[in-house]
There are 2 protein chains.
Amino acid sequence: MLILLPASLDAQLQRDSGISHFEYAVMSALSEAPQRTRCMSELADLANGSLSRLSHVVKRLERRGWVRREPRPEDGRYTNAILTGEGWDKVVESAPGHVEAVREMVFDVLSEEEVEQLRRIGQRIHLRLSPHGMMAQRHGQD
Amino acid sequence: MLILLPASLDAQLQRDSGISHFEYAVMSALSEAPQRTRCMSELADLANGSLSRLSHVVKRLERRGWVRREPRPEDGRYTNAILTGEGWDKVVESAPGHVEAVREMVFDVLSEEEVEQLRRIGQRIHLRLSPHGMMAQRHGQD
DNA sequence: CGATGTCACTTGAAGTGTCAAGCTAAGTAG
DNA sequence: CTACTTAGCTTGACACTTCAAGTGACATCG
C-alpha cells in the first residue's frame, strides 16, 4: 500500500495534468501563500524535498511559465518563488482531479470510523518522522 | 506521512546497507523463493516495478555479484534471476536493520489496537489499487 | 576597510527511472 | 517450411534526483 498509493497518485497527476506530485506540491504550496510567494528553502520544506531538487524543479516550472523567481528585496540571499497567473490556472485546473483521485483511492473504501482511525495513525507516524517528533521521542509522549 | 515514511525507509537502507528499497525488495523476494530463483516478470510484480526497471536493477545487482541470470531451460523466453550466496548474505545482513527501522517508525508509536486498525485500512486501500481490486469494484469504470 | 564566515541558493556530473523500440524464443496458420 | 503473432525480456535515449562543489549576499571581527 505504501508503494502503490504514492505511485498511483503520481500517475494520476502525470496522466491528467502532465505534472509530477512534487511539482504539484510546490505549486500548491505557492498558491496558498500570501502574495503566492515563498522563498526557496521554505518551499523545499513544505514540499518535503531538498533545496537542490527544488531548485531544478523551479527552473523547469519557470521555463513552463508557471513560476518566476526574484531575489528578496530586503535580503538578496533569499530567492522568492512566485506563482504566475498561468501557474495559478494550472493549479486550479489540476486540483479537482487530484482531490477526486485521493477520494476514490482512500476515502471511498473506508468507513467514517476508519477515516478517523487513519487520521490518528497518520498523525502519530508523521510526528515520529518529522524532526520535531525525534525530539519528543525520549519523553515518550505525543 | 505518505511522503516521509517511504523516504525514511529508503534512507535507512541506503545508509546502513547501501541499497535502495527496490533492490532490497527484489533480493528479499528472491531469498524467499524456491531455489532462490524467480523469472523476471514474476519478480517485477512482487517488487511492484516495471519489467524495464527490474531489468536495469538486476543488471546492477548482477554486476555487484548478488544475483545471476540464466535462461529457463524448458522455455528460453523466460529469464531466471537467481540469488547468489553473496546475495543471500547481503539480505541476511540488511534485513534486521530494516525490520527494526519499520518497528521504530511505525509499530512503536501505535497501540496494538491501532496496529490492527492500520492492517485493515491498508488492506482495503491496497485491494482498491491492485488490478484485482478494480475488478471487484461494482462494475464502475474510470 | 578588508578578511573571513555563514547563509541561501545554483550548478554540473553521475546515477537511476521511464518510455518506446527492438530482440529472441515459442506458438500458430497456410 | 515460411510467415506471422505473441510473450518475455533488454536496450538506449531522455528526464529527473542526488551529491559535491561553487556562487553571491550579508554579517562579523580585527
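For clarity, every value in this text was computed on a predicted model and none was experimentally measured. We name chains A, B, ... by the order of the sequence lines, and we start the count at 1 in each one.
Residue A:R53 places at least one side-chain N or O closer than 4.0 Å to OP1 or OP2 of D:dT17. Regarding contacts with the backbone of C:dG17, a side-chain N or O of B:R60 is found under 4.0 angstrom from either OP1 or OP2.
Heavy-atom nearest nucleotides on DNA chain C were determined for A:K59 and for A:Y78, and the one closer to the 5' end corresponds to A:Y78.
On a pure distance criterion of 3.5 Å, a polar donor-acceptor pair joins the side chain of B:S52 and the base of C:dC19. Donor-acceptor pairing under 3.5 Å, judged by distance alone, is absent between the side chain of B:H56 and the base of D:dT10.
The distance from atom NE2 of B:H21 to atom CG of B:N48, rounded to the nearest 0.5 Å, is 9.5 Å.
Salt-bridge formation is not detected for the pair A:E62/A:K59: no Lys NZ or Arg NE/NH1/NH2 atom is positioned less than 4.0 Å from an Asp or Glu carboxylate oxygen. Salt bridge present: A:E70 and A:R68 bring a charged side-chain N and a carboxylate O closer than 4.0 Å.
Between the CG atom of A:L51 and the P atom of C:dC9 there is a distance of 6 Å, rounded to whole Å. Remark: P of C:dA8 and CZ of A:R69 are 17 Å apart, rounded to the nearest angstrom.
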Please tabulate, for side-chain N and O atoms in residues 91-102 of chain A, each donor-acceptor pair with protein atoms closer than 3.5 Å (sequence neighbours left out).
unit_1: A:S94; atom_1: OG; unit_2: A:S17; atom_2: OG; d: 3.3
unit_1: A:S94; atom_1: OG; unit_2: A:K90; atom_2: O; d: 2.7
unit_1: A:H98; atom_1: ND1; unit_2: A:Q12; atom_2: OE1; d: 3.1
unit_1: A:E100; atom_1: OE1; unit_2: A:R103; atom_2: NE; d: 3.3
unit_1: A:E100; atom_1: OE1; unit_2: A:R103; atom_2: NH2; d: 3.3
unit_1: A:E100; atom_1: OE2; unit_2: A:R103; atom_2: NH2; d: 3.2

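Residue contacts shown for B:S55 include a base, since a base heavy atom lies under 4.0 Å away.
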